[in-house]
Asker: 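I'd like to ask you about the structure that follows.
The figures here come from the full heavy-atom set of this structure, side chains too, leaving out hydrogens, waters and symmetry mates. Position 1 is the first residue of the sequence; numbering continues from there.
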Amino acid sequence: MTWNIPNVLTVLRLLAAPAVAVMFLYFHRPWADWFALVLFVSAAVTDWFDGYLARLWKQTTKLGTMLDPIADKAMVVIALAVILGYSSMSPWLVLPATMILFREVFVSGLREYLGDTAGTLKVTKLAKWKTTLQMVAIAVLFAQGVFEHYFGMSSMGMDEALVADVLAGREEDLMGLRWKFQGMVIASHAGLWLLWIAAALTLITGFDYFRKATPYLRD
């Protein structure tokens, strides 16, 4: 196996995937949210750098080619599991996450079954856009968790009527509730929209892979 900078970045991204979940085991919120967000975004950035450097320096290897999609899938699957675990399990979040997880398992199973002919399921440009959208959506949803926790901390001890008056502008906003609430709402809506778009692309690319694999599935 060849170890070069692109491969090292890929391995670091692979290790960052479970580390995102570990943040919530060893740190309290909102520090866990911050650390998970920074770690996830940093790992997502390496997804572009390792491929770019491998092509620029002509250091594409079998190890990197094998690990790169695994690292991407591990990041998305584990991060979605963490977000679902700390969410209210809204169907608007659960449904796109389920579609994404189902597609990843389905395509991985197809590749495993095809074995040597799995090269027919090469990653397409649309699939790369799908992965990018997934990562952006997850990062925004992690940010929503940060806003949500700070809003909860700032409104602690206030009754619902007082919080409503502050948000409506009828009471002075001494704790900065309005901007935290607005950040939480904007991040939540943006994250959900991006996740639904990513889920749609996930189904399209999954169907495309299945179509390409169909000739190899006939008896």
Side-chain angles (χ1 to χ4, degrees), residues 12-13 15-49 72 74-101 129-202:
L12 289 176
R13 189 166 81 257
L15 295 176
V20 168
V22 171
M23 294 299 103
F24 289 86
L25 296 178
Y26 288 96
F27 299 98
H28 295 291
R29 303 183 73 183
W31 292 111
D33 299 89
W34 274 114
F35 290 149
L37 174 61
V38 171
L39 186 61
F40 184 85
V41 171
S42 300
V45 170
T46 67
D47 185 30
W48 181 84
F49 270 108
D72 291 344
M75 282 181 60
V76 169
V77 169
I78 294 175
L80 279 177
V82 170
I83 290 172
L84 288 174
Y86 284 90
S87 73
S88 60
M89 299 301 285
S90 165
W92 295 107
L93 177 61
V94 173
L95 285 175
T98 300
M99 287 189 282
I100 291 171
L101 296 175
W129 274 106
K130 174 266 304 177
T131 300
T132 300
L133 271 176
Q134 286 177 352
M135 292 184 176
V136 172
I138 289 170
V140 173
L141 289 172
F142 272 131
Q144 185 261 332
V146 173
F147 282 114
E148 182 180 8
H149 197 77
Y150 277 120
F151 176 77
M153 291 173 62
S154 299
S155 60
M156 188 176 298
M158 298 182 183
D159 57 34
E160 293 183 5
L162 178 57
V163 172
D165 287 340
V166 172
L167 294 179
R170 292 187 293 268
E171 292 286 347
E172 188 176 1
D173 187 12
L174 298 175
M175 303 298 293
L177 292 185
R178 280 197 291 272
W179 71 264
K180 293 169 186 173
F181 181 77
Q182 290 170 355
M184 179 180 69
V185 171
I186 292 172
S188 175
H189 289 171
L192 281 177
W193 273 107
L194 289 169
L195 195 66
W196 272 99
I197 296 172
L201 293 181
T202 293

Asker: Output, in order, the C-alpha distance, side-chain angles, deciding distance and verdict of side chain to side chain contact (heavy atoms under 4.5 Å, CB included) for Leu167 and Leu177.
Answerer: CA-CA 7 Å; Leu167 294 179; Leu177 292 185; 4.3 Å; yes
Asker: Distance check, rounded to the nearest 0.5 Å: Trp34 atom CH2 versus Phe27 atom CZ?
Answerer: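 Answer for the CH2-CZ pair, Trp34 versus Phe27, is 15.0 Å.
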Asker: Might you point out which heavy atoms bring Met23 and Ala36 nearest each other, and give the distance in Å?
Answerer: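 Looking at all heavy atoms of both residues, the closest pair is CG-N, 4.0 Å.
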Asker: Apply side chain to side chain contact (heavy atoms under 4.5 Å, CB included) to residues Val41 and Phe142 and explain how you reach the verdict.
Answerer: CA-CA 10 Å; Val41 171; Phe142 272 131; over 6 Å; no
Asker: Measure up the Phe181 and Phe151 rings against each other and bin them: parallel (under 30°), tilted (30 to 60°), perpendicular (over 60°).
Answerer: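 Tilted: the ring planes of Phe181 and Phe151 meet at 30° to 60°.
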Asker: Going by salt bridge (Lys or Arg N to Asp or Glu O under 4.0 Å), name the pairs with one or both residues in residues 24-45, residues two or more places apart or in two chains.
Answerer: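 Listed by first then second residue: Arg29-Asp33.
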Asker: Hey, what do you get for CG (Leu95) to OG (Ser90), rounding to the nearest 0.5 Å?
Answerer: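 Rounded to the nearest 0.5 Å, the CG-OG separation comes to 8.5 Å.
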Asker: Using only atom types and a distance under 3.5 Å, with no angle test, would you say the side chain of Trp31 pairs donor to acceptor with the backbone of His28?
Answerer: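 Absent.
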Asker: In sequence, state the C-alpha distance, the side-chain angles, and the governing distance for Val76 and Leu101, and then conclude on side chain to side chain contact (heavy atoms under 4.5 Å, CB included).
Answerer: CA-CA 9 Å; Val76 169; Leu101 296 175; 5.8 Å; no
Asker: Would you list the pairs meeting side-chain hydrogen bond (donor to acceptor under 3.5 Å, both in side chains) in which at least one residue belongs to residues 156-171, sequence neighbours left out?
Answerer: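 Matches after skipping sequence neighbours: Asp165-Arg170.
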Asker: Within the side chain of Lys130, is there an N or O that forms a donor-acceptor pair under 3.5 Å with the backbone of Ala200?
Answerer: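 Here the side-chain-to-backbone pair does not exist.
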Asker: Between Ala143 and Ala187, what is the shortest heavy-atom contact and its length?
Answerer: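 Here Ala143 and Ala187 meet closest at C-CB, 4.5 Å.
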Asker: Go through the structure and list residues passing salt bridge (Lys or Arg N to Asp or Glu O under 4.0 Å) with Asp173, not counting sequence neighbours.
Answerer: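 Result, salt bridge (Lys or Arg N to Asp or Glu O under 4.0 Å) vs Asp173: none returned.
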Asker: Roughly how far, to the nearest 0.5 Å, is the OG1 atom of Thr131 from the CE atom of Met75?
Answerer: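 Answer rounded to 0.5 Å: 10.0 Å.
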Asker: Between Arg13 (side chain only) and Ala44 (backbone N and O only), is there a donor and an acceptor less than 3.5 Å apart?
Answerer: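 Not a single qualifying donor-acceptor pair exists.
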Asker: Mind jotting down which residue pairs meet the salt bridge (Lys or Arg N to Asp or Glu O under 4.0 Å) criterion with at least one end in residues 145-158? Sequence neighbours excluded, please.
Answerer: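 Listed once each, the pairs would be none.
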Asker: Can you tell me how far the CD1 atom of Ile83 sits from the CD1 atom of Ile78, to the nearest 0.5 Å?
Answerer: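 Reported to 0.5 Å precision, the distance equals 12.5 Å.
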Asker: Only one of Val140, Leu133, Val136, Ile100 clears side-chain contact (heavy atoms from CB on, under 4.5 Å) with Leu195; which?
Answerer: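 Only match with Leu195 under side-chain contact (heavy atoms from CB on, under 4.5 Å): Ile100.
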Asker: On a heavy-atom basis, which atom in Leu37 and which in Ala139 lie closest, and how many Å separate them?
Answerer: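 Closest approach of Leu37 to Ala139, heavy atoms only: CD1-O, 3.3 Å.
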Asker: Return each pair, listed once, that meets side-chain hydrogen bond (donor to acceptor under 3.5 Å, both in side chains) where at least one residue sits in residues 91-100; pairs must be two or more places apart or across chains.
Answerer: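 Counting only pairs at least two positions apart or across chains, no side-chain hydrogen bond (donor to acceptor under 3.5 Å, both in side chains) contact touches residues 91-100.
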Asker: Of all heavy-atom pairs between Leu39 and Ala19, which one has the smallest distance, and what is that distance?
Answerer: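 It is CD2-CB, 3.5 Å.
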Asker: With sequence neighbours excluded, give me every side-chain hydrogen bond (donor to acceptor under 3.5 Å, both in side chains) pair touching residues 182-202.
Answerer: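 Residue pairs passing side-chain hydrogen bond (donor to acceptor under 3.5 Å, both in side chains), neighbours aside: Gln134-Thr202.
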